[in-house]
Amino acid sequence: MSAIDVQTLHPFDLPPKDAIQMQRWLAERVVTTGRFKKKLKLVAGVDCSPSPGGVLHASIVVCEPPDWDVLEEVHASATPRMPYIPGLLSFRELPIVLEAMRRLKTRPDVILVDGQGLAHPRRMGLATHLGLHIDVPTIGVGKSRLCGTHGEPGPESGEWTPLMDKGRRIGLVVRTRDEVKPVYVSVGNNVGLLPAARVVLATCTRFRLPNPIRHADRMSRALARMA
DNA sequence: GCGACAG
DNA sequence: ATCTTGTCGC
């Protein structure tokens, strides 16, 4: 199943019951393996922010080492066709994220998404759904838990504990800096879980969240404030 | 039936 | 996502 096939054949504005069935169908197409043989050159971050009027603003930034500062940024804004429903976030945000993706000139090695990947009740978080539409590996980085259970990871940067759901390991709860609240890392598409966690840790140079996501968050928030 | 619930 | 006060630490 190619990325092109997936994007040609489904709409995003579906009744919840149909959206859930679509997720089950999509989940069978996910690839949960892959790693980076060469040193990473470009890592992108994605985030969306709502403006008071209800318009959603998506920002994608491409960052480069060693400090993971911004090399390129693109944006897209639109009124979402779906409300926010826990578990159906991607149907609301993905159309706008994909519009921003089309404006990207550079080609990142991997994309970090603000939200879950496989750490989702049907294994179809925003990062995974996005990953099925593009040829770039995606990783989910959630600031809070959607589903699954876990213990408390050790207090230091780099320590982690598995996120379990229905007997399966769906992600890792990762401490990205000393003494900060951990983040929820999960596979989006076309990458393994441990390589994913390594990318997240490598791009957290100073703060809890990876630089690409922090920059995307800052940019989308700024757009939302101006509108 | 009840609670939980990414952004 | 946003709203909101105080508190702690650099």
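Predicted model only: the values in this text are computed from it and were never measured. Sequence lines set the chain letters: A, B, ... in the order given, protein chains first and strands last, and positions in each chain run from 1.
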Sugar-phosphate, base or nothing in reach of [X], heavy atoms under 4.0 Å:
X	result
A:Arg225	nothing
A:Leu88	base
A:Ser144	sugar-phosphate
A:Leu56	nothing
A:Gly140	nothing

Check your understanding: For A:Ala127, what residues pass the side-chain contact (heavy atoms from CB on, under 4.5 Å) criterion, not counting sequence neighbours?
Key ->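 A:Val113.
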Check your understanding: Can you list the residues that meet the side-chain contact (heavy atoms from CB on, under 4.5 Å) rule with A:Arg168, with sequence neighbours excluded?
Key ->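 A:Arg168 satisfies side-chain contact (heavy atoms from CB on, under 4.5 Å) with A:Ile170 once adjacent residues are dropped.
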Exercise for review: Just jot down the side chain to side chain donor-acceptor pair (under 3.5 Å) partners of A:Lys143, sequence neighbours excluded, or say none.
Suggested key: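 Testing A:Lys143 for side chain to side chain donor-acceptor pair (under 3.5 Å), a comparison that skips the adjacent residues, returns A:Asp114.
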**Study point:** Partners meeting side chain to side chain donor-acceptor pair (under 3.5 Å) with A:Gln23 (sequence neighbours left out)
**Key:**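 So A:Gln23 forms a side chain to side chain donor-acceptor pair (under 3.5 Å) with A:Arg122.
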Pairs under 3.5 angstrom only: tabulate donor-acceptor contacts from the side chains of residues 76-95 of chain A to other protein residues two or more places apart or in another chain.
{"residue": "A:Ser77", "atom": "OG", "partner": "A:His57", "partner atom": "ND1", "Å": "2.7"}
{"residue": "A:Ser90", "atom": "OG", "partner": "A:His129", "partner atom": "ND1", "Å": "2.7"}
{"residue": "A:Arg92", "atom": "NH1", "partner": "A:Met82", "partner atom": "O", "Å": "2.8"}

Exercise for review: Using chain A heavy atoms and a threshold of under 4.0 Å, write down where along DNA chain C the contacts begin and end, 5' to 3'.
Suggested key: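 The protein-touched segment is C:dA1 to C:dT2.
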Point to revise | Test item: side-chain donor near acceptor, A:Ser220 and A:Ser59, under 3.5 Å | key: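 No - no donor-acceptor pair under 3.5 Å links their side chains.
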Review point. Of all heavy-atom pairs between A:Gly117 and A:Ser186, which one has the smallest distance, and what is that distance?
Key: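 For A:Gly117 versus A:Ser186, the nearest heavy atoms are N-OG, 2.8 Å.
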Check your understanding: Is a side-chain N or O of A:Arg175 found less than 3.5 angstrom from the main chain of A:Val180, in a donor-acceptor match?
Key ->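 Flag set: sc A:Arg175 to bb A:Val180 pair under 3.5 Å.
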Exercise for review: Taking A:Arg24 for its side chain and A:Ala27 for its backbone only, find out whether a donor-acceptor pair lies under 3.5 Å.
Suggested key: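 Side chain of A:Arg24 to backbone of A:Ala27, a donor-acceptor pair under 3.5 Å: no, none is there.
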Review point. Taking only Watson-Crick and G-U wobble pairs with both distances under 3.5 Å, what dot-bracket line describes DNA chain B, where [ ] shows pairs that cross earlier ones and | shows pairs with another strand?
Key: .......
Return all side-chain donor-acceptor pairs below 3.5 angstrom for residues 187-203 of chain A, not counting sequence neighbours, or 'none' if the list is empty.
{"residue": "A:Asn189", "atom": "OD1", "partner": "A:Val31", "partner atom": "N", "Å": "2.7"}
{"residue": "A:Asn189", "atom": "ND2", "partner": "A:Gly131", "partner atom": "O", "Å": "3.1"}
{"residue": "A:Thr203", "atom": "OG1", "partner": "A:Val199", "partner atom": "O", "Å": "2.9"}
{"residue": "A:Thr203", "atom": "OG1", "partner": "A:Val200", "partner atom": "O", "Å": "3.2"}

Review point. Going 5' to 3' on DNA chain B, which nucleotide is the first and which the last to come under 4.0 Å of a heavy atom in chain A?
Key: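 Taking any atom under 4.0 Å from a heavy atom of chain A, the span is B:dA4 to B:dG7.
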Check your understanding: Under a 3.5 Å cutoff on both atom distances, Watson-Crick or G-U, what's the dot-bracket for DNA chain C ([ ] crossing, | other strand)?
Key -> ..........
Practice item. Just jot down the ring-ring contact (aromatic ring centres under 6.0 Å, His included) partners of A:His75, sequence neighbours excluded, or say none. Key: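 Residues passing ring-ring contact (aromatic ring centres under 6.0 Å, His included) with A:His75: none at all.
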Below 3.5 Å, can you tabulate the donor-acceptor pairs from side chains in residues 153-163 of chain A to any protein atom, sequence neighbours excluded?
{"residue": "A:Ser157", "atom": "OG", "partner": "A:Thr176", "partner atom": "O", "Å": "3.3"}
{"residue": "A:Glu159", "atom": "OE1", "partner": "A:Glu156", "partner atom": "N", "Å": "2.8"}

Check your understanding: Going through the checks in order, is the side chain to side chain contact (heavy atoms under 4.5 Å, CB included) test met by A:Leu209 and A:Val183?
Key -> CA-CA 8 Å; A:Leu209 293 178; A:Val183 299; 3.9 Å; yes
